[in-house]
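Note on naming: letters A, B, ... go to the chains in the order of the sequence lines (proteins, then strands), and numbering restarts at 1 for each one.
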Amino acid sequence: MADEMKIGAYICKGCGIGERLDTAQMAQIATRDAKAAIAKEHEFLCNADGIKMIQDDIDNEGVNRVAIIGCSRRAKVEAFNFKDVAITRGNIREGVIWVRPDTDEARETTQDMADDYVRMAVIEAKFCKPPTPNEETAYNRHVLVVGGGVTGMTAAVEIAKAGYSATIVEKTGALGGAAAKSWKRIPQKSPYADPEDTGVADLIKFIEDSDKITVHLNSTLTKTSGAPGRFSADITAESGSTTTENFGAIVQASGYTEYDANQLPELGYGKSDNVVTQAELDAMALAADGGPIKTKDGKEVKSVAFVQCAGQRSDKEGHLNYCSGHCCSTSVKQAMYFKDQNPAIDTNVIYTDLRMPGAGGEDFYRSGQRKGVTFTKGCVTEVATGGSELEVKFKDLILNEDTSEKVDLVVLATGQVANSGLNIDEVGQDEPGEWKTNPESVLNLSYRQGKDIPQLTMGFNDSHFICFPYETRRTGIYTAGPVRRPMDMQQAMEDAVGAAMKAIQAVENAGKGRAAHPRAGDLSYPQFRREGCTQCKRCTVECPFGAIDEDEQRFPQFNEARCRRCGTCMGACPVRVISFENYSVDSVGQQIKNIDIPDEFEEKPRILALACENDAYPALDMAAMNRVEYSAFVRVVPVRCLGSVNLIWITDALNSGYDGAVLMGCKKGENYQCHFVKGSEMASVRMSKVDDTLQSLSLEPERVTTHEVAITDIERAPEIINEMAETIEKIGLSPFKF
Amino acid sequence: MSNLNQTMVEKYRNDFLNEVRANVEEGDWVNMCMQCGVCAGSCPLGPYWEHPPQEIFMMIRAGKREEVLTSTSMWMCTSCYNCIARCPRELPITHIMHGLAHYADRLGLAPKEQPTRKFANKFWDNLTKKGRVNELKLGLALYFMNGFMEGIKVAMANQKLGLNMIKTKRMNPMEIIGGHGVKDTSGLHAILKKAREIELAKAEEFKG
């Protein structure tokens, strides 16, 4: 059936389309210009009758490509969901009648617009294939959890509770991580008044009793390869013995290391045993087991100062420039260790900005104040270790004076440094054939782009910070806990639950050959014409998700289960050999080429707008819902990501007589909003070279502009289109009209 | 140093915060201040204070006993209640300010020449004698607050006003002898005595 192409074009007259547009003419265009086999109009296409009409044609007439011309592709997705056919959408509701005034002068250009969207939808259908299932699918309900701290254990427990199995690989000889070395934790339940039990023992007990969780202690990963559904991991014990196991997905909970306080000699660390870090104090409290906390020389502590932001939130060289998020609450918790044991002990928390995150943070702070913990807004300059007592010298920021306090013990709130393994931007992957385990790496991935998960900033693994925090740039591998961003135990546990659920989703998606987020459920996957490939490696390098490896002959090897279907590889490929069944250089390129370009005497310019389907296209749809008008000369083509835009589309458009092109993608950079992380960045790099193309065509550089558009830019997105229309009015039409 | 001050210094040593919490009316709230500064920003007289409430609270925590108790700041409070209305931690700041002033006065540390303090003491003495304010006596006391000659000068300047008030029966010159009062003066004194006893007992009971 798939061999013989038969396009059915269905034009809806509902939602006022029939009153505004000549649909009979559009049906004629569909069959005559765009060569659809069938073109039908319907009063109300998305109702049961309309759907039945289309389904009948699929069943009886052999229609296998359906072009639905009516509302936006974002509307009525469930109604227009036909199995085993390629579906395209012509947007004449949000894209035409809702953004155009209903006046006599506007009627002609509005009709032109609709006619072109008919052509585009039918042509797109011509270049799409019905999706065929991916052959590379594997179903493995076993999740690997890297790290046996609270985050890792929580993830494993959640995975087991959901009916899947988990294997924990822990580097040290015991489960529990940092939490097991703590006396108590910051409270997680109302009234958030007192430190509570860490809960580590309960987690360990669950894991020991569960037949779904296996634990490898004193073990590390020496090699991880494969893709979601078929990960293979070499788990090597300290003894050197290696077992290889297969997994469906991976949760990386490799946690944090406390910042090295030896870099803070001015705060007395290393000079006196009575200057300790928060972790060391927790160990002291654990040893005291509820009794009086004693210094190393056995003296009971009578006064203690907590120095917040020690070596963090500072731009000094070697310091952490971020806030670790948990330390204020941790200091309050630790001050309570003293106050609960003996209220006469003097506890002073010296802070510059106190931050108590979480629902219970403020209550916990008040509880600390009620218990008599003193809070001083000040900036510690030095801890003098010379005398019998420690002298904390600080500037009081409220009273604006330099002062000091003598105490028995100083606790430094040093921050969290992520255990994120190698920074693959600095440590590249070994050349093929020379791959070796790197003991510094957490995952030791065999992926072409590097051994660990890419980092965003400050050593933390990249996760889609704004929209999808659990996502990393390695499909099927989810980071959780302080390796992702600094956090306390409660946040780490919530994180673990999220990552566990994402891992299970990845297992299920891989088993069904479907894409993971954000094109969840997409069955298409990249296919490439090997004989045309020049082995330039651009796709391998530019793939934001490291999905592409190299085979022995150095051809790209697409790991479909790792692919997110953004099409960045398609945009990168200079010889255009990469495509998807329902999205290719042709499926978009031919739409662009096949619209009607009026000759220059008609004075109707044409503007191509390539809009990211995640943000810019919905913004335009919403503008239409608010009836924001924009130029009738624009033809909007949704793209999966601006990263998938191949320069040939721009060149083709300009060559065929378009007068301008606007590209609308997402925000790039450190605070990126691109659903595919690097797509909009790639696009902007590529578009910076479009000037050469324009020059070679002797065209003005203003004709092509790239913009960052957020989903909330409802006013701005139409404005960008209108601005381009104005620019063209100013500089004149393109000379390339035939 | 007054005896009471001596006693308190010895009793609390370096722990001025607990001294305040125990002995100052509503002083128990002081440790709940989170140093946001809303009180300091809300005070209409803020610019004229030596230390705004936020600073006073910080100084208490920092153990600056002498500086706080000899400060004129708390005496500047006009009880407009802006700070109480706005404090996110719901501290009764106005009450604490008056409490501090009162405590400083009891200890004999309050600035001697602070006019608010002088007036407050005169008002209190006047009121507690008979349970009613004797306006004539209070007014005259204020005239002579800064010396005999000064008092004569002020009195002469207000001569006309005084005569008019007598004419319109707004002031009774006979009040100068004895004056009116509540029915049960000794009962009132018993109440005040008991209130002081309760206050002292509370401070005694305070346990940090």
Inset, instruction - Check the surroundings of atom NZ in B:Lys137: do more than 12 heavy atoms from other residues, nucleotides or ligands lie under 6.0 Å from it? - result: yes
Inset, instruction - Decide if atom NZ of B:Lys194 counts as having more than 12 heavy atoms of other residues, nucleotides or ligands within a radius under 6.0 Å. - result: no
Inset, instruction - Among A:Val373, A:Asp346, A:Thr403, A:Ile398, single out the residue with the greatest number of heavy-atom pairs under 4.5 Å to chain B. - result: A:Ile398
Legend entry - Side-chain heavy-atom pair B:Gln35, A:Tyr351 within 4.5 angstrom cut-off: yes
Legend entry - Distance in Å, A:Tyr365 OH paired with B:Arg89 CZ, rounded so as to fall on 0.5 Å steps: 5.0 Å
Inset, instruction - With rounding to the nearest 0.5 Å, note down the distance linking CZ in B:Arg61 to OG1 in A:Thr376. - result: 7.0 Å
Legend entry - Side chain, backbone, both or neither of A:Thr374 within contact of chain B (heavy atoms, under 4.5 Å): side chain
Legend entry - Proximity of residues 44-56 of chain B to chain A, residues having a non-hydrogen atom under 4.5 angstrom: B:Gln54, B:Glu55
Inset, instruction - Answer with side chain, backbone, both or neither: which region of A:Asn348 has an atom nearer than 4.5 Å to a non-hydrogen atom of chain B? - result: neither
Legend entry - Among the listed options A:Glu362, A:Lys377, A:Lys371, A:Gln369, the residue most often paired with chain B at heavy-atom distances under 4.5 Å: A:Gln369
Inset, instruction - Using a cut-off of 6.0 Å, state whether more than 12 heavy atoms not belonging to B:Glu197 lie near its atom CD. - result: yes
Legend entry - From A:Leu399 atom CG to B:Lys64 atom NZ, the distance as rounded to the nearest 0.5 Å: 6.0 Å
Inset, instruction - Inspect the surroundings of NZ in A:Lys395 and state if more than 12 heavy atoms from other residues, nucleotides or ligands are less than 6.0 Å away. - result: yes
Legend entry - Non-hydrogen side-chain atoms of B:Met34 and A:Arg366 separated by less than 4.5 Å: no
Legend entry - Heavy atoms of other groups near B:Glu199 CD, more than 12 under 6.0 Å: yes
